[in-house]
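Every value quoted in this text rests on a predicted model; they were computed, and no experiment measured them. Start at 1 with the first residue, then count along the sequence. Both ligands and their constituent atoms are indexed starting at 1 by order of listing.
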Amino acid sequence: MPKSTNLSKKIVFFFPSFASTEATAPLGILAVATPLIRAGYKIVLIDSTITPNYKKRVLDEVRDALCLGISLVTGPMIRETVEIANAVKEWNPQFPIILGGWHPSLLPDQTLQASCVDYVVRGQGEDALLELVQHLQANSAPDLIPGIGFKRGGKLHMTPERPLKPLADMPPKAYQIADFDAYERGCGKRWAMYTSSLACPFNCAYCTNAGVYGRKWNALPPEQFVEETVDLTRRYRLEMLWVVDDNFMVDLDRARGIAEGLVRAGSQFKWSIQATTNMVARLSREDLKLLHRAGLHQICQGVDSGSTTVLQLMGKTFQDFDQIYESAARCLSANIRPSFNIIFAFPGEGAKERRETINFMMDVCRRFPGAEFWTNIFTPYPGSPIMARAIELGIEVPKTLEGWADFFPRYTTLPWLQGKEHKRLQTTRDYLRVAFDRIPIAADRRDHITRIAQKALSLPARWRLDHDFYRFPAELWLKNKLNERSKIKLKPAIDAKRLASTRAEAAC
Ligand code: B12
Ligand code: SF4
């Protein structure tokens, strides 16, 4: 069993960079920190995105700490996870390292197999981590702590599953440990994430949600939402909250109650939500206007494809295109931005289906200026219903924790999407970005000239998309040059150093 150097009451958390300028406090760590703080532990949070020399900082801080906790999802965050965990093990092979978050929850055995990992926490971490930390302090056996994995005598042990707790039974997140000034310097906006419900009643084929949260949607009551968000935004002077619930709109009365409560409380912040299109389509224009008065300014919705065939393969039979058009129209009439997601190259998507999707996106954007689309390339995640099919289709499943670092939509190649076809799809996605405006969370740092020039490029880009013609992509070259003018100097993006393996190189 690994041992820390002393019986310190200090816990160090590391949050690896996730290749985005839209950085803010990592909610998973803020969640697991509260029970520790209440039990008298001192917390140090090192987020690599906002911490220059993050490796040295971690190595300095662990010297008098009890353990190191790292939070990660599948993909490039694994690179810094392994880098830091190895560095700590080099200093002291006995120092306990605990991994939590989506990747360790979905692949606990393989994650724990990594030599630099001592414990994994599966699923909700609030109670499990406190119990694990108390075990480390007492130097007792962890066998009776549900929802964790540990090593003994070179063997892996998984304890029984920990039953899910409803969100309302969880303590508030420890926002006080986050350095919002530093996040604001990086992102240009002062914002935070907030969770008001857990799980989603659906089970889309590419999604990992059901595997972790079991489709048991549960939520905070409207009064708690209003009280907490008003307090949070005032206390930390936040201009925006992103409510990261997977499906905020499952209970319409709750949504109305929240909006009424925020209006009554005179709240001043903006907020955005994620919800399925079928749930949004149930809202009347009056509902949406009320939500807008309460500060709601964006609804992110997973449209995912413009092809009915692909939607069926995705298991998204709960939505239809009329609802999507209706949702775009109603949201815009209430001044709320409809943001739609698309996944290209889902297994079963051929050239015809891809074209249908592009036509659909262009139709929505032309008919409803202000609607926006964010596109992805399908990435098969362990624990998602489609994974077995993806393996049949030739996806190579990584055999180690490190192997998952290159699983990232921005550069994943697939057995059915490689070489020229992959490049062509990436170019199409680039042209979609030029053709239609999107508003990211991070502050818009473009100057006036850049904005006008980029707007001018949207016309030829739309022509190209209409005609499926992407040779000599001069507009993309110009767009990149314009982007250079407004680039911010944050920590180098993870993408800049990602290309260690040939798989990733082939994708760029
Ligand atoms: C916010 C969010 C983001 C934000 C992150 C912003 C930020 N500043 O952190 C952004 C937009 C950057 C993002 C990006 C991506 N995301 Co995301 N994201 C989410 C989202 C909606 C919420 C995460 C969150 O904070 N939840 C609230 C906290 C409280 O819950 P939690 O993180 O699960 O933490 C709990 C446990 O996991 C555990 N825990 C967490 N950390 C730790 C640490 C320790 C030590 C312990 C013991 C326990 C523990 O305890 C916590 C409390 O119970 C989730 C969906 C979801 N419902 O969680 C998807 C999700 C995590 N994202 C996902 C994906 C796929 C992505 C992208 C690949 C999307 C893309 N197309 O680019 C990228 C990958 C980023 C990268 N480079 O690696 C998947 C992950 C799948 C997987 N296998 O890992 C999820 C689950 C969505 C889904 N249902 O498929 N994402
Ligand atoms: S609606 Fe969203 S959260 Fe729910 S299963 Fe589908 S993709 Fe996952």
Side-chain angles (χ1 to χ4, degrees), residues 11 13-20 22-34 47 49 67-79 97-107 119-130 132-133 147-148 164-165 167 170 173 183 187 191-195 197-213 215 217 242-247 274-279 300-302 304 314-316 318-319 341 343 374-377 379-385 404-405 407-410 412 441 493-495:
I11 317 288
F13 285 103
F14 176 65
F15 191 59
S17 169
F18 54 82
S20 170
E22 304 192 336
T24 186
L27 215 45
I29 292 180
L30 304 195
V32 296
T34 303
D47 178 335
T49 303
C67 60
L68 172 69
I70 306 181
S71 176
L72 63 147
V73 304
T74 310
M77 288 175 104
I78 290 173
R79 215 154 287 146
I97 296 183
I98 306 164
L99 263 52
W102 283 81
H103 188 78
S105 298
L106 292 165
L107 284 179
Y119 299 92
V120 287
V121 168
R122 291 141 42 210
Q124 288 175 322
E126 286 88 339
D127 296 335
L129 184 61
L130 175 62
L132 182 51
V133 161
I148 67 156
L164 286 168
K165 261 196 178 177
L167 186 61
M170 291 297 189
K173 318 248 177 328
Y183 290 114
C187 170
W191 70 284
M193 296 186 290
Y194 179 79
T195 317
S197 72
L198 276 187
C200 171
F202 304 112
N203 189 15
C204 303
Y206 56 83
C207 180
T208 48
N209 204 299
V212 172
Y213 286 116
R215 303 177 74 176
W217 190 84
W242 175 19
V243 182
V244 295
D245 305 12
D246 292 303
N247 208 340
Q274 311 188 123
T276 42
T277 49
N278 60 332
M279 298 288 165
C300 306
Q301 302 161 68
D304 296 327
M314 288 176 167
K316 292 194 84 109
F318 54 83
Q319 70 180 25
N341 285 319
I343 299 175
W374 298 80
T375 70
N376 267 303
I377 292 185
T379 310
Y381 285 106
S384 60
W404 290 98
F407 264 65
F408 192 45
R410 210 173 292 168
T412 305
I441 292 180
I494 227 169
D495 283 20

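The proximity of Cys204 to ligand 2, defined as any non-hydrogen pair under 4.0 Å, involves the side chain as well as the backbone. With a heavy-atom cut-off of 4.0 Å, Cys207 touches ligand 1 through its side chain alone.
At under 3.5 Å, not a single nitrogen or oxygen of Trp242, backbone or side chain, sits near a nitrogen or oxygen of ligand 1. Considering both main-chain and side-chain atoms, Phe18 comes within under 3.5 Å of ligand 1 through a nitrogen or oxygen pair. Checking only distances, Tyr381 never comes within under 3.5 Å of ligand 1, N or O to N or O. Between Glu22 and ligand 1, no pair of N/O atoms sits closer than 3.5 Å. Close N/O approach between Ser71 and ligand 1 is found [any backbone or side-chain N/O within under 3.5 Å]. Between Gly125 and ligand 1, at least one pair of N/O atoms sits closer than 3.5 Å.
Residue Cys200 counts as close to atom 4 (Fe) of ligand 2, with an N, O or S atom under 2.8 Å.
Within the 4.0 angstrom cut-off, atom 5 (S) of ligand 2 has one or more protein heavy-atom neighbours.
For the residues Thr208, Val212, Leu198, the heavy atom positioned nearest atom 90 (O) of ligand 1 is part of Thr208.
Side chains of Phe318 and Thr276 form a contact here, defined as non-hydrogen atoms less than 4.5 Å apart.
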